[in-house]
Number of protein chains: 4
Amino acid sequence: MSRSASAQIERRQELLRAAASVFAQRGYERAKVAEIAATANVATGTFYLYFPSKEACFLDLVAQLYEIVLQRVTAARQGQADVLRKLKASITAVLETFEDERDLAAVVLLQGSGSLPQMAERLRSVEDNLAQLLAQDLKEAADTGLIARGDASLRAHLVIGAMREALLYRLRQPAQDGSQDETVRAFLLHALG
Amino acid sequence: MSRSASAQIERRQELLRAAASVFAQRGYERAKVAEIAATANVATGTFYLYFPSKEACFLDLVAQLYEIVLQRVTAARQGQADVLRKLKASITAVLETFEDERDLAAVVLLQGSGSLPQMAERLRSVEDNLAQLLAQDLKEAADTGLIARGDASLRAHLVIGAMREALLYRLRQPAQDGSQDETVRAFLLHALG
Amino acid sequence: MSRSASAQIERRQELLRAAASVFAQRGYERAKVAEIAATANVATGTFYLYFPSKEACFLDLVAQLYEIVLQRVTAARQGQADVLRKLKASITAVLETFEDERDLAAVVLLQGSGSLPQMAERLRSVEDNLAQLLAQDLKEAADTGLIARGDASLRAHLVIGAMREALLYRLRQPAQDGSQDETVRAFLLHALG
Amino acid sequence: MSRSASAQIERRQELLRAAASVFAQRGYERAKVAEIAATANVATGTFYLYFPSKEACFLDLVAQLYEIVLQRVTAARQGQADVLRKLKASITAVLETFEDERDLAAVVLLQGSGSLPQMAERLRSVEDNLAQLLAQDLKEAADTGLIARGDASLRAHLVIGAMREALLYRLRQPAQDGSQDETVRAFLLHALG
DNA sequence: TATGAATGAGAATTCATTCAT
DNA sequence: AATGAATGAATTCTCATTCAT
């Protein structure tokens with residue numbers, strides 16, 4: 001008799017959680033499938049009922065973060081009156097999302113590009129998506145004279161890079177209040193002139 | 001008669017070059033010692049005449065970049081009249097150094113923290129060194145009222161993060177003129193208020 | 001469902017048997033794990049499910065012989081009325097045990113001290129244990145005037161050495177009846193005066 | 001210009017001494033040619049000017065001990081009036097020779113049979129030679145009624161085994177006076193009845 | 001002759017993946 | 001669906017031996 005579909009999904013999530021934790025700690029190559037399975041309290045073979053390979057699981061993890069981030073950024077922008085507020089909201093949403101998803105964030109920020117070529121590609125696409133969103137804002141803001149003119153795409157990436165570093169800076173220090181966010185936001189908004 | 005000491009050193013450099021190239025392309029774990037050796041046109045065993053292990057070779061590479069960067073930054077700051085110029089000079093020096101050492105940069109920026117725990121540590125120490133240098137400048141500049149006040153260490157890291165991203169942004173695009181540097185410098189100096 | 005525990009144990013024994021055979025034929029260093037595994041009809045990796053290393057397996061083998069010998073010697077001495085009979089029983093037990101465990105004996109007698117430093121140590125401790133047992137008998141027998149006086153420990157070792165040689169002498173000749181045992185026993189008992 | 005022949009021979013001896021020392025300490029497999037060469041204060045390649053291979057060097061070592069032992073035993077027997085004295089003289093000669101050639105003895109006694117198949121063969125032949133010498137004495141002595149009758153060859157080997165053990169017993173203890181020799185001789189002569 | 005850097009075959013060990021139960 | 005023992009390809013590192021100098 002088959003388990004209910006929801007039980008299936010739950011176990012998959014459990015494995016993803018376990019994978020995020022193990023990948024975050026050990027890095028992609030040094031993470032063993034057996035350990036992920038053990039962390040999820042299932043047998044090694046069970047892992048392969050839910051993922052075709054270790055690599056696919058890893059890639060799924062990023063896809064997950066991808067969705068969460070874009071979704072939360074999009075939601076945060078809804079109902080923001082002007083571009084500047086949208087920009088601020090976007091930045092805050094990214095910072096908060098990574099704060100909420102520490103393991104996932106560690107995987108993406110630390111292992112990120114170094115692991116698999118495909119991973120690097122996918123990460124880049126997440127970043128590019130985000131960058132495009134920001135770039136549009138920047139362009140619009142620049143057009144309105146709100147911020148200085150300049151290569152929008154590059155500047156969007158610089159914003160992301162600074163955020164990335166802010167997140168890593170935090171990751172290194174055990175859980176923390178968000179008191180630094182203000183500094184980061186100020187830094188970034190100034191940066192854009 | 002033994003080969004001259006300089007020939008020895010030359011071969012070591014050759015191997016380091018090869019290693020940088022292979023590590024940059026494949027990442028630490030997927031880089032095979034055999035491939036590094038082949039790239040340097042020597043037999044596998046020869047690699048071990050110059051490095052005790054693959055890991056040591058990798059770590060050496062970072063140490064090398066570390067030295068180059070700090071040395072060039074230090075040199076660039078010499079003879080700069082005021083803090084702001086020192087800040088600018090530092091930023092430019094970092095950007096240029098990484099531009100000149102593409103493979104090394106790729107290893108450090110891409111594989112970086114994800115590879116070995118020791119590597120992560122070492123990288124962090126390079127970054128922290130650089131950050132401290134910057135943080136001092138920021139503090140001084142803030143004291144003089146040249147830039148806005150704020151958490152100097154965090155802001156130094158944000159600067160580094162943005163630079164890092166700028167470098168990655170570049171790394172993705174085949175060799176390029178330095179025309180973006182101005183954008184980056186402007187971004188960063190504005191960011192600091 | 002996992003294989004029964006007994007099947008596990010059985011396979012371990014199988015591997016130990018294979019290891020004894022291969023070590024006996026080739027010696028520790030020239031014995032390849034792949035060959036041991038093949039001899040046991042399993043894949044190379046399987047070996048490592050049962051032993052952490054080739055060395056550990058080798059050491060296990062000696063521990064095994066150690067237990068068997070001491071156990072059989074102890075059992076043989078039970079119920080022997082006087083010291084002389086105990087002495088005789090001990091000697092016979094050792095000779096028989098090695099006869100029954102030819103491969104194990106070959107490993108211990110031939111590779112013995114030459115293989116691993118740890119192995120040499122362990123072997124020595126087995127020998128010393130045995131020697132102490134004999135030495136006590138010798139002392140007692142000497143005190144009772146049954147045998148000549150003299151350095152008990154050294155003489156115990158001489159007994160062992162002679163037995164060892166007897167075993168090797170036999171090992172060189174394909175399986176044999178125990179007709180030589182009488183000669184050996186006589187030799188040893190005379191030797192002690 | 002070629003060195004004098006005697007210089008050649010001297011260097012060969014130097015290498016053999018070094019080899020004996022290294023083999024004695026490390027065992028055949030773990031002894032590195034480079035270390036032997038270094039111990040003899042020559043370059044690695046030089047080793048191969050004097051020996052075709054590591055194995056050949058090892059085998060030479062045994063041949064050397066072989067010659068020394070047989071020569072000294074033969075010499076010691078010269079001028080001994082009767083069989084019993086010859087027997088005693090032989091035993092003493094063996095014990096003394098090994099005492100004088102500690103490294104060589106360690107190689108032969110410890111690594112002995114376990115190292116190379118050829119080594120085992122050669123060792124056996126040394127032992128057999130010695131055993132034959134002893135066996136003849138034993139036979140003669142038995143015929144004369146001086147000692148008990150019995151399988152001469154086996155008993156000769158038992159004598160050798162006991163001597164072997166005596167030597168090992170000694171080897172384990174840092175240099176020692178020959179005070180134990182008396183015990184050993186007494187043991188052996190008694191053993192033969 | 002002597003040197004010692006270079007070679008490359010060889011072996012132990014790991015671990016993603018499979019599959020019989 | 002779940003299990004976990006078994007598999008064997010893959011990779012690092014070692015070291016006897018060679019050979020250009």
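Chain A is the first sequence line, chain B the second, and so forth, proteins listed ahead of strands; every chain is numbered from 1. No hydrogens, no waters, no symmetry mates; every other heavy atom, side chains included, goes into these values.
- The distance from atom NZ of C:K32 to atom P of E:dA9 is 15 Å, rounded to the nearest whole Å.
- The shortest distance between the side-chain N/O atoms of B:T44 and the OP1/OP2 oxygens of E:dG8 is not below 4.0 Å.
- The backbone N or O of A:R17 sits nowhere less than 3.5 Å from a side-chain atom of A:S21 that would complete a donor-acceptor pair.
- Judged purely by atom type and a 3.5 angstrom limit, C:R122 has no side-chain atom pairing as donor or acceptor with the backbone of C:V62.
- Within the nucleic acid shown, B:A37 has no heavy atom closer than 4.0 Å to any nucleic acid atom.
- Counting to the nearest Å, the C1' atom of E:dT1 and the CZ atom of D:F47 are 17 Å from each other.
- Contact check, D:R11 against E:dT1: no side-chain N or O comes under 4.0 Å of OP1 or OP2.
- Contacts of A:A56 with the nucleic acid, taken as non-hydrogen atoms under 4.0 Å apart, are absent.
- Straight-line distance from the CG atom of C:L49 to the C1' atom of F:dG8: 12 Å, rounded to whole Å.
- Of all nucleotides listed (F:dT7, E:dT17, F:dA1), F:dT7 comes nearest to the side chain of C:T46.
- Going from atom OH of D:Y50 over to atom C1' of E:dT3 covers 13 Å, rounded to whole Å.
- Under the 6.0 Å distance and 45° angle rule, B:K54 does not count as a cation-pi partner of B:F23.
- Rounded to an integer number of Å, the gap from B:E14 CD to E:dA5 P is 18 Å.
- The OH-P distance, from C:Y48 to F:dA9, rounds to 16 Å in whole Å.
- Across the protein-nucleic acid pair, A:K54 atom NZ and E:dT14 atom C1' stand 11 Å apart, rounded to whole Å.
- Pair check for F:dA20 finds E:dT3; Watson-Crick or G-U wobble, both atom distances under 3.5 Å.
- Residue A:A38 is classed as having no contact, given no heavy-atom separation below 4.0 Å to the nucleic acid.
- Here the side chain of A:A43 is nearest to one of E:dT3, F:dG4, F:dT7, namely F:dG4.
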